[in-house]
Amino acid sequence: MKKVYLICNAHIDPMWLWEWEEGAAAAVSTFRSAANLCEKYDAFIFNHNEALLYKWIEQYEPELFERIKALVKKGRWNIIGGWYLQPDCLMPSGEAFVRQILEGNSYFKQKFNTDFKTAINLDSFGHTRGLVQIMAKCGYENYLVCRPLNSDFPLENNNFYWEGFDGSKIFTRRH
């Protein structure tokens, strides 16, 4: 019998067309539902990025934050990616990317004792080549993306080494 794995993640874009309070409420509601599922079903493991969302949970729902910390320790909830907030990878400056990574990684290290080797960005409509060098210099080895779609940017293989301007390379997987 084959096993099927579903990678459970929620895309929350707390600043896109929302007031920040709506984004925070969406994070609380989503994280609460995910924690409930993790606690109810032994095989359910949730994955999420974005330090800002965890900060909101910590501030507005401290009991939920403690539940999440316990689930992380049990391997039932994975902190992934390490970004402060999933960035738009077409517009920011290099410094904006570095700050995203430093702030996100610092928060996750302090609260969950995590280190990241894989960056994720599931909703960017493009990715600047300069990001490769920044991610590599920050210790990332892999990058998981969903866009651009194959119809917009055809590739022979969705697994590839992406090379930055300086020759740095990051193994990249596009889904």
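Hydrogens, waters and symmetry mates are skipped; everything else that's a heavy atom, side chains included, is used.
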Between NZ of Lys74 and CD of Glu39, what distance do you get to the nearest 0.5 Å? 7.0 Å
Is it true that atom NZ of Lys109 has more than 12 heavy atoms of other residues, nucleotides or ligands lying nearer than 6.0 Å? yes
Would you check if Arg76 and Asp42 make a side-chain contact, meaning some heavy-atom pair closer than 4.5 Å? yes
Give me the ring orientation class for Trp83 and Phe97: parallel if the planes are under 30° apart, tilted from 30 to 60°, perpendicular past 60°. tilted
How long is the gap from CG on Leu71 to CZ on Phe31, to the nearest 0.5 Å? 12.0 Å
Angle between ring planes, Phe46 versus Phe44, binned at 30° and 60°: parallel, tilted or perpendicular? parallel
To check you understand the geometry: which heavy-atom pair defines the closest contact between Trp18 and Gly23, and what is its length? CE3-CA, 3.3 Å
Do Thr172 and His127 have side chains that get closer than 4.5 Å, going by heavy atoms? no
Would you say Tyr140 and Ile134 make side-chain contact, with heavy atoms under 4.5 Å? no
Which pair of heavy atoms, one from Gln86 and one from His11, lies closest together, and at what distance? NE2-CE1, 3.8 Å
Ignoring hydrogens, what is the shortest heavy-atom contact between Lys69 and Lys111? Give both atom names and the distance. CE-O, 3.9 Å
Answer yes or no: is there a side-chain heavy-atom contact under 4.5 Å between Ile120 and Val145? no
4.5 Å side-chain heavy-atom contact, Tyr143 and Val132: no
Heavy-atom closest pair (Thr30 atom, Ala10 atom, distance to 0.1 Å) is CG2-CB, 3.5 Å
Answer yes or no: is there a side-chain heavy-atom contact under 4.5 Å between Trp56 and Glu50? no
Could you grab the distance from atom CZ of Phe171 to atom CZ of Phe160, nearest 0.5 Å is fine? 9.0 Å
Common cluster, Tyr41/Leu64, ILVMFWY with side-chain heavy-atom separation under 4.5 Å: yes
Salt bridge flag under 4.0 Å for residues Glu95 and Arg99: yes
Give, for atom CE of Met135 and atom CG of Asn121, the distance between the pair rounded to the nearest 0.5 Å. 9.0 Å
CD1 on Ile12 to NE2 on His48, rounded to 0.5 Å: 4.0 Å
What's the shortest heavy-atom distance between Ile45 and Asn78, and which atoms? CG2-ND2, 3.5 Å
Minimum heavy-atom separation for Gly82 to Asn49, with atom names? N-OD1, 3.0 Å
Can you check whether Tyr107 and Tyr54 have ring centres sitting under 6.0 Å from each other? no
Is there a side-chain contact between Phe65 and Gln59 in this structure, where contact means two heavy atoms from C-beta onward sitting under 4.5 Å apart? no
Enter the distance from Leu52:CG to Gln100:CD here, rounded to the nearest 0.5 Å. 9.5 Å
